[in-house]
Structure formats: C-alpha cells, structure tokens
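Below: the structure, in structure tokens.
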2 protein chains.
Amino acid sequence: MADTELDERKVKILNAIIKNYLETGEPVGSRTISKYTDLNLSSATIRNEMSDLEDLGYIVQPHTSAGRIPSDKGYRFYVNNLIAEKDKEVSDMQEWMIEKTEKMESLLKNVAKVLATNTQYATMVTAPSVVSNRLKFIQLSAVDEKQVLSVVVMDGNIVKNKIINVDKPLDNETMLKLNMLLNTNLNGLAIDQINLALITKLKEQAGIHDEIISQVLESVAETITEDDDLQVYTSGATNIFKYPELSDSKKASELLDTFEEKQSLVELLSDKSAGADENAIQVYIGDESPISTMKDCSIVTATYELGDGVKGTIGIVGPKRMDYENVVDNIKSLKGQLDKLLKNEGKDS
Amino acid sequence: MADTELDERKVKILNAIIKNYLETGEPVGSRTISKYTDLNLSSATIRNEMSDLEDLGYIVQPHTSAGRIPSDKGYRFYVNNLIAEKDKEVSDMQEWMIEKTEKMESLLKNVAKVLATNTQYATMVTAPSVVSNRLKFIQLSAVDEKQVLSVVVMDGNIVKNKIINVDKPLDNETMLKLNMLLNTNLNGLAIDQINLALITKLKEQAGIHDEIISQVLESVAETITEDDDLQVYTSGATNIFKYPELSDSKKASELLDTFEEKQSLVELLSDKSAGADENAIQVYIGDESPISTMKDCSIVTATYELGDGVKGTIGIVGPKRMDYENVVDNIKSLKGQLDKLLKNEGKDS
DNA sequence: ATTAGCACTCCAATTAGATGAGTGCTAACA
DNA sequence: TGTTAGCACTCATCTAATTGGAGTGCTAAT
C-alpha cells in the first residue's frame with residue numbers, strides 16, 4: 001500500500017527526514033533536507049513534498065513553523081522497509097560473552113548487559129519458559145528428618161530446587177525407590193507431557209507412599225512454573241536519560257518504575273497478539289506498545305529458542321527515534337547466538 | 001562535645017530548623033521558627049541564634065538572604081541524639097511478610113520491597129554472607145555421563161547448585177562413597193573450618209578418586225563464594241524522584257546507575273570502616289558516604305544475623321532530609337524480624 | 001514542474017522589572 | 001545584658017515584554 005501512495009522521491013525524502021531526526025532528535029526543516037540528500041532539489045520543492053507527506057500522515061509538525069518529525073506511521077514505514085531489507089544476514093559478534101555461561105541466570109544477565117552496552121538503550125531478557133522443555137534429571141534427598149530437597153534439572157542445565165516438608169522421616173530405601181520411580185518415568189518428558197494419567201500411574205506404583213509422590217509432583221510442577229513469570233533480567237534502564245524526550249522527571253520515573261516492577265515487562269515480552277510470525281522480530285512503535293508508560297518509546301523484541309519449543313524473549317526499549325538498524329542487527333546476532341548456544345547441550349560448565 | 005558548645009535553647013532551635021526542613025525541603029527562616037517553637041522568641045532573637053549556629057557549622061545558607069538548611073554536621077547532631085534516644089524499643093510490624101518465606105531470595109526481595117514501600121526511599125538488602133555459616137547437606141548426583149550436579153544446602157536452607165564436568169562416568173558405588181565421605185566430614189562445618197588439612201584428609205580417603213574430590217571441593221568453595229558479592233536486592237530506586245533535590249536529570253541518572261550496577265552497593269553495605277559497633281545502625285550523611293554518587297544522600301544501614309556469624313545487611317538511601325526517625329524504626333523492626341526468622345531454623349517451607 | 005522571494009508564525013532565548021522572603025545591623029528597651 | 005523593633009539591603013524567583021531566527025506557505029516568475 002505504501003508503494004502506491006509514495007513515489008520514489010517521497011520515499012527518499014521521508015527516509016532522509018527520519019534518518020536526520022534519528023541523529024539529532026530535533027525537528028528537521030526543508031533546507032536541511034535540500035542539502036542532506038543528493039536529489040538536488042531546492043528547499044521550496046522539498047517543502048511541497050513535505051506538505052504532501054504530512055497530509056499522508058508520515059510526518060507531523062510539533063507546531064506551526066517548526067520542522068517535521070516522523071509520526072508513528074512514518075517510523076513504521078521506515079522499520080518495515082528496513083527489516084525486509086535486512087532479513088538475510090545474521091552477523092557474529094560478541095562471541096566472548098559465551099565464556100561466562102556458568103548458569104542460565106548469569107548468562108541472561110550478561111545478555112541484557114551486552115545488549116544495553118551495545119545499543120545504549122534499556123534492555124530486558126526473559127528466562128526460557130520451561131513449557132515444552134524437557135526434564136533431564138530429578139533427585140530427592142533427605143536434608144534432615146523433616147525436610148526433603150528436590151532438585152530438578154532441565155535441558156540446557158537449568159537447575160531448580162525446592163525444599164519440601166514431610167511429616168515423618170523417609171528411610172533410605174524409600175528414598176531410593178522414589179528417585180528411581182521419578183527418574184524412570186519422567187526423564188526426557190516435557191512439562192506438558194506430565195498429565196493426569198501419568199500422575200495416577202506414578203501414585204499407584206508408589207503404593208503407600210502415594211501421598212508423598214503427589215506432594216513431590218506438586219512441588220515439581222510448582223518448582224518449574226513457580227515464578228517463571230517473574231524471571232526478567234533488565235539492564236541499562238538508566239540509558240533513557242540519554243534521550244531528552246524521555247528524561248523529564250515524570251516520564252523517566254514512570255518508565256524506570258515499570259522496569260523495576262518487571263511484571264508488566266513479562267506481559268509485554270510474552271505478548272503474541274500483534275505479530276503474525278512468531279519467530280520474527282517484533283517492533284512496537286509508540287502507541288502500538290501494550291504498556292502505557294511506553295507510549296513515547298519504541299520496543300523491539302525477539303524470541304530465542306531451545307530444543308523444540310519456543311523459549312525466551314529479548315527486548316529493547318528506547319526512544320521512538322531509536323537506531324532501528326543497529327538494534328535489529330544486535331538482536332538478530334544475539335538471538336542467533338542464544339539459539340545456537342542453548343541447543344548445543346554438550347556445552348555447559 | 002556538642003553539649004559544651006550548644007546550650008539548650010540552641011538545641012531546640014536547631015531541632016526545630018531540621019524538623020521543619022525535613023518536612024518542607026525548603027530553607028527555613030527565622031520567622032517560621034519564631035512561631036514554630038514554643039520558645040516565644042522574636043524572629044530577631046532567632047536570627048541571632050541562627051547566626052551563631054551557622055558559625056558553629058550546624059546550618060548553612062544556600063545563598064545570602066535565604067533561610068537556613070541543616071549542614072551535614074547538623075544532620076549528624078540530630079541523628080546522634082535521635083538514635084541514642086530510640087535505642088530501646090524494637091517494634092513489631094510487617095509480620096505478614098513472613099508468610100512468603102519460600103526461598104531466601106524471594107524473602108530478601110520482599111524485605112527490600114516492604115522497606116521501600118514503608119519508607120518511600122530506595123532500599124537494598126544483601127543476601128547473607130555464607131562466611132561462618134554452616135553446611136547442612138551436600139549431594140552429588142550424576143546427571144548424565146559427563147556431568148555431575150553438586151547441591152549444597154546451608155543453614156537457613158540456602159541452596160546452591162553447580163554442574164561439574166567429569167572426564168569419565170562415575171559408577172553408582174563411587175558416587176555413594178563420595179557422598180558419604182563428603183557428608184560425614186563436612187556437615188555442620190562452617191566454611192572457614194574447611195582448611196587444607198581437612199582437604200588432604202578427604203583426598204586420602206577418596207583414594208584413586210582424589211582428583212574428583214578436589215574438583216568437587218573446589219566447586220563447593222566456588223559454589224559458595226561465587227557471586228555472593230553480587231547478591232544485592234534493591235527496591236524503590238525510583239522513589240528518589242519524589243525528592244526534587246535528587247531528581248534533576250544528572251543526579252538521578254547517576255544514582256539509579258549505581259543502583260543498577262549493584263557492585264558499589266555491595267562495597268557500601270560491607271563497609272565496616274566507620275562504625276565502632278558492628279551490630280548497631282549506621283548512618284552516613286552526605287559526604288560521609290563512601291560512594292560518590294550519593295554525596296547528596298543519606299544512607300542508613302544495619303546488619304542482621306543468623307546463627308552465630310554476621311550475616312547480611314539492609315540499607316536505605318534517601319535525601320539528606322530523610323525521615324530518620326521512621327527509617328531507623330523500620331530498619332530496627334525488620335532487623336529484629338530477620339534475626340528471629342533466620343535463627344529459627346525449624347521454620348521454613 | 002521547479003524555484004526564488006517574501007510575509008508570516010511561533011518557539012526559544014534574553015532582558016527588565018517587580019515581588020517577597022529573609023538577612024544583618026543598629027538602636028531602643030526591660 | 002539579653003531581647004526586640006525597625007529598616008535597608010540582598011538575591012532567587014516570577015512575570016511580561018522583546019528579540020532573533022528557523023521554518024513555513026503562498027505567489028509569481030522561470
């Protein structure tokens with residue numbers, strides 16, 4: 001549709017306006033464009049074209065007799081073209097990051113940090129959602145008379161533990177039996193494969209200890225789903241102060257608040273409403289954002305995968321005039337690396 | 001010393017000035033004090049006294065012909081008196097918080113949050129330092145051929161795990177033996193009790209598996225000390241926007257940065273230089289702060305204990321005109337609860 | 001279709017008063 | 001001797017008026 005209403009010259013001018021605005025953050029006038037582009041057109045001509053572009057809704061004037069700035073529609077046009085263009089290459093950088101992959105947690109923290117440093121925007125990364133991730137290992141151990149420790153290891157060496165209280169001590173034999181039972185039946189299963197039938201079967205086999213099994217299972221489920229909703233690592237939130245249009249006290253405070261609160265970030269990152277292609281990079285511009293405190297921002301998100309199921313999400317929040325090109329590149333690169341890193345289960349330590 | 005250079009009337013006036021400034025955040029003038037206090041003195045007299053107080057360094061004028069605001073020395077005087085006065089009572093509130101004590105981590109997050117909500121300042125809490133904390137339980141398990149999972153449980157149910165790579169698979173028997181060895185020798189020991197002699201002894205007993213033992217021990221040490229330095233939970237950092245004197249773009253950005261970076265917070269919270277009494281509440285006012293970005297803030301910290309050794313620290317950062325009284329009360333109350341909660345090892349779930 | 005020229009608009013920065021809270025000092029008073 | 005009233009003075013803050021300049025829209029000429 002854009003192709004029909006914009007001729008080539010308008011596209012060029014629009015791009016020039018946006019690029020210039022991305023750099024300066026100031027409204028851009030006709031004279032600037034007249035020189036900035038290689039079109040060799042006078043400012044007057046540019047003015048006419050700009051007037052058209054404004055009518056079409058791609059740019060707006062903050063006030064009469066100011067330059068133009070891109071509207072959300074303008075940004076959208078720019079981004080769409082950009083992504084279409086860039087969808088081939090996935091560069092390899094930041095390899096160094098992989099060294100420090102001791103734990104999922106520190107890995108993700110690092111990812112957020114690297115991304116924030118590279119882009120100078122605020123970033124966030126969700127921990128892989130364990131849905132459709134596979135169990136690798138389960139172990140119960142008696143810590144003392146009344147406490148049992150359950151350790152669950154998932155693919156990708158995500159380890160979770162939980163302490164369960166029991167009424168009376170479990171003897172060694174029972175412990176062994178339960179461990180055997182759990183491992184033989186559950187190993188290699190994805191979470192959503194643990195259904196009621198399986199649970200019933202397990203309980204039967206546990207005999208008089210069925211109650212313990214159910215407690216354990218409950219705790220396993222709990223262990224896994226627990227506060228997965230809350231596992232978001234953020235970094236570079238204070239970068240927003242680098243952009244005057246976001247750093248007035250009220251806006252900055254609200255923004256930083258949502259970054260600290262994290263809950264709404266989870267919702268944002270797990271938002272599947274808009275995007276058709278699950279696997280692609282999502283861009284929310286201004287009002288497109290599902291979070292009201294980010295109406296003046298743009299958000300770029302992408303999901304990374306592990307094994308078969310969809311896993312986690314990385315996201316970047318910045319001003320609308322963010323350097324989409326750089327951001328998309330960075331996210332793609334990181335996404336690629338995470339995919340690779342997490343699928344390769346041999347790698348760990 | 002303060003007693004010698006300040007007579008009772010000056011103290012009253014100084015207190016009045018500080019209290020008023022705590023409320024308003026505006027420089028306070030002589031007329032205000034003249035009415036505010038029950039001294040029945042004219043503004044002129046107050047002016048004379050204020051002039052004296054300024055000479056003595058307790059208050060300063062932001063500029064000629066403005067009211068006075070407390071200097072760091074003034075705050076210090078106020079705080080010293082305050083704490084001396086309040087050192088008896090430890091109130092009990094926020095009992096509800098205890099319910100959610102599933103894990104140390106979420107507990108501490110909650111502590112930070114509660115404190116931030118109650119005080120409206122920025123707060124931070126360090127995880128208990130495991131030095132001189134006792135080992136309760138160790139378990140090694142083979143996850144697959146090349147990976148061994150080590151789980152370490154400390155007093156207070158702090159659980160840490162780590163995956164160790166091994167060259168060749170360990171058979172069940174060896175595993176059992178190693179577990180036995182580790183648990184019989186190490187359980188109940190504090191970290192600093194695991195010395196070279198003990199390690200040598202363990203290795204000897206492990207026979208041909210001494211290398212594995214040393215790997216495991218290394219990993220245990222690593223597991224425990226790992227990034228304990230980095231375990232700081234913060235909350236309410238954005239509260240600083242509530243205080244105009246801190247919320248100009250530059251200051252706010254720097255402050256929030258140190259809160260995000262966390263590393264310097266660790267140093268701050270583990271700073272033992274100033275305070276004589278380890279167990280008391282520490283107050284840093286303005287320049288007394290070891291962190292340069294907090295020169296315009298005041299910081300209140302306190303340590304909480306578990307078992308025998310010193311444990312973690314809680315801290316509050318706010319404007320110099322913070323409500324010291326409320327803050328101290330809150331910290332004391334929380335400190336008391338944490339002490340109680342963590343010492344009582346029966347409680348868990 | 002493009003361009004030069006010009007009047008017009010409006011933001012942003014500057015300046016000039018005006019305001020008022022607060023001080024320091026002096027002189028009078030109890 | 002300590003306290004108070006009075007007064008001149010300072011200085012941040014607020015308001016309004018002034019200005020400069022960037023940028024536009026329109027028109028007429030090329």
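Letters go in sequence order (proteins before strands), and every chain restarts at 1. Side chains included, hydrogens not; waters and symmetry mates left out as well; all remaining heavy atoms used. Note that the structure is a prediction, hence the values are computed from the model and not measured.
- Contact annotation: A:Arg9 side-chain N/O to C:dT2 OP1/OP2 distance is under 4.0 Å.
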- Query: Does the pair A:Asn15 and A:Lys12 meet the rule for a side chain to side chain donor-acceptor pair (under 3.5 Å), with working shown?
  - Reply: CA-CA 5 Å; A:Asn15 272 328; A:Lys12 269 191 183 163; over 6 Å; no
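- In summary, B:Asp52 and B:Lys10 engage in a salt bridge, as defined by a charged side-chain N under 4.0 Å from a carboxylate O.
- At a threshold of 4.0 Å, the pair B:Asp296-B:Lys320 does not count as salt-bridged, since none of the basic side-chain nitrogens sits closer than that to a carboxylate oxygen.
- Salt bridge annotation for B:Arg76-B:Glu288: present, with a cationic side-chain nitrogen under 4.0 angstrom from a carboxylate oxygen.
- Rounded to whole angstrom, the span from the CZ atom of A:Arg47 across to the C1' atom of C:dA1 amounts to 16 Å.
- One atom, CG of B:Asn48, and another, P of C:dT26, lie 12 Å apart when rounded to the nearest Å.
- In terms of phosphate contacts, B:Ser65 brings no side-chain nitrogen or oxygen within less than 4.0 Å of OP1 or OP2 of C:dA21.
- Note that B:Lys73 lies in the cation-pi zone of B:Tyr58, set by a 6.0 Å cut-off to the ring centre and a 45° limit from the axis.
- At the heavy-atom level, B:Ala44 lies under 4.0 Å from base atoms of the strands shown.
- For C:dT9, the OP1/OP2 oxygens have no side-chain nitrogen or oxygen of A:Thr64 closer than 4.0 Å.
- Residue A:Thr45 places no side-chain N or O under 4.0 Å from the OP1 or OP2 atom of C:dT2.
- Distance NE2 (A:His63) to C1' (C:dC10): 6 Å, rounded to an integer number of Å.
- Spacing between atom CD1 of B:Ile17 and atom P of C:dG22 amounts to 12 Å, rounded to whole angstrom units.
- For B:Glu23 and B:Arg321, the salt-bridge test fails: no basic side-chain N is under 4.0 Å from an acidic carboxylate O.
- Computed from coordinates, the A:Glu49 CD to C:dT2 P distance equals 7 Å when rounded to whole Å.
- Closest approach of A:Leu268 to A:Pro290, counting heavy atoms only: CD1-CG, 3.6 Å.
- Put simply, CG on B:Asn20 is 14 Å from C1' on C:dG22, counting in whole angstrom units.
- In the 5' to 3' direction, nucleotides of DNA chain D lying under 4.0 Å from heavy atoms of chain B begin and end at D:dT3 to D:dA12.
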